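Below, chains carry the letters A, B, ... as their sequence lines are ordered, and counting in each starts from 1. None of the values given here were measured: they were computed from a predicted structure.
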Number of protein chains: 2
Amino acid sequence: MVEYSLDLTFAALADPTRRAMLDALRGGERSIGDLAAPHAMTFAGAAKHIGVLERAGLIERRKAGRQQLCRLKADRFTEAEAWLAEWRRFWNARLDTLEALLQEDQA
Amino acid sequence: MVEYSLDLTFAALADPTRRAMLDALRGGERSIGDLAAPHAMTFAGAAKHIGVLERAGLIERRKAGRQQLCRLKADRFTEAEAWLAEWRRFWNARLDTLEALLQEDQA
DNA sequence: CGAATATTCAACCATAAGGTTTCATTACCC
DNA sequence: GGGTAATGAAACCTTATGGTTGAATATTCG
């Protein structure tokens, strides 16, 4: 269900460590170790964050020798963006209404 | 800081009850009781969700007699949408690159 | 004033989240 | 094969979250 995956997506995005990891993945595939390194926490802790991102469907991984390479997946980003884009349309519509009212006032 | 408010915003959006409340507010101001009613939980439980939305800056409230009226606030929506819109641009750019590669192949 | 309405607050409970440590597994290199 | 690098996984701790109940506080109405 869409609602359910929005839960996971937004929850995954609500953490700065995880957002930083996503940003790091914009440069292409990265191993768990690469993703973990910049963060002031244990490897295991960072790996948990990666697990959250994977369960939320924001990334996927594949084995490459003794390491695992992670890469971004688009779907859930798109879904979340679509949800928020609807809000942008809502706010725009409200602004339009306000403008119309102001114009009426001036007339 | 921006990071901090993105944390709160995404965390607030990660719950279906809260997203439903936000949707309800699209119709205009609603009291806490109005927002709570549709949800299968105690009034106090629902009020906590409203507290989360308020602390995240997604809504604000004002007293009106013995009730409190809530209404939507745009800023944090905009912020979150901007963050995700950047990702949309990222994915689009990747698609463009892929297309270019395919074209090259054909040429 | 007294009763009912709308909401807040505090205490509590169960579960999940973010982190740690420790140990096991797997794959590479010599 | 043995050592080591990269990861997985389990157990544990602390704090946050989502929910409950019950009492307290305003505010309106009669």
Worksheet item: Could you give the distance from CD1 (B:I50) to CD1 (B:I32), rounded to the nearest 0.5 Å?
Response: 4.0 Å
Given [N], is OP1 or OP2 found less than 4.0 Å from the side-chain N or O atoms of [X]?
{"X": "A:Q68", "N": "D:dG8", "answer": "yes"}
{"X": "B:R18", "N": "D:dG18", "answer": "yes"}
{"X": "B:K63", "N": "C:dA6", "answer": "no"}

Practice prompt. Tell me yes or no: between the side chains of B:E79 and B:T9, is some donor less than 3.5 Å from an acceptor?
Written response: no
Item to complete: List for me each residue that meets side-chain hydrogen bond (donor to acceptor under 3.5 Å, both in side chains) alongside B:Q67, sequence neighbours excluded, and say none if there are none.
Response: none
Practice prompt. Mind jotting down which residue pairs meet the side chain to side chain donor-acceptor pair (under 3.5 Å) criterion with at least one end in residues 38-52 of chain B? Sequence neighbours excluded, please.
Written response: B:R18-B:H49
Worksheet item: When the nearest nucleotide of DNA chain C is assigned to A:A11 and to A:G65 on a heavy-atom basis, which residue is associated with the more 5' position?
Response: A:A11
Response to the item:
Note: for A:A64 and B:S31 on DNA chain C, the residue whose nearest nucleotide lies more 5' is B:S31
Discussion item. With the threshold set at under 4.0 Å for non-hydrogen atoms, list the residues of residues 34-49 of chain B touching DNA chain D in residue-number order.
Written reply: B:M41, B:T42, B:A44, B:G45, B:K48, B:H49
Worksheet item: Given side chains that start at C-beta, do those of B:T78 and A:R88 come closer than 4.5 Å, heavy atoms only?
Response: no
Worksheet item: Looking at A:R62 and A:E29, does any basic side-chain N land under 4.0 Å from a carboxylate oxygen?
Response: yes
In whole angstrom, give the distance that lies between atom [atom1] of [X] and atom [atom2] of [N].
{"X": "A:I50", "N": "C:dG19", "atom1": "CD1", "atom2": "C1'", "result": "15 Å"}
{"X": "A:Q67", "N": "C:dC29", "atom1": "CD", "atom2": "P", "result": "11 Å"}
{"X": "B:R62", "N": "C:dA6", "atom1": "CZ", "atom2": "C1'", "result": "15 Å"}
{"X": "B:I32", "N": "D:dT25", "atom1": "CD1", "atom2": "P", "result": "19 Å"}
{"X": "A:L69", "N": "D:dT7", "atom1": "CG", "atom2": "C1'", "result": "12 Å"}
{"X": "A:R55", "N": "C:dG18", "atom1": "CZ", "atom2": "C1'", "result": "13 Å"}
{"X": "A:D15", "N": "D:dT15", "atom1": "CG", "atom2": "P", "result": "18 Å"}

Item to complete: Using modelled atom types only, decide if a donor and an acceptor are shared between the side chain of A:R76 and the backbone of A:A56 within a distance under 3.5 Å.
Response: yes
Item to complete: With heavy atoms under 4.0 Å as the rule, sort B:T17 into base, sugar-phosphate or nothing.
Response: nothing
Worksheet item: Hey, which of these two, A:R66 or A:R61, hits DNA chain D nearer its 5' end, going by closest nucleotide?
Response: A:R66
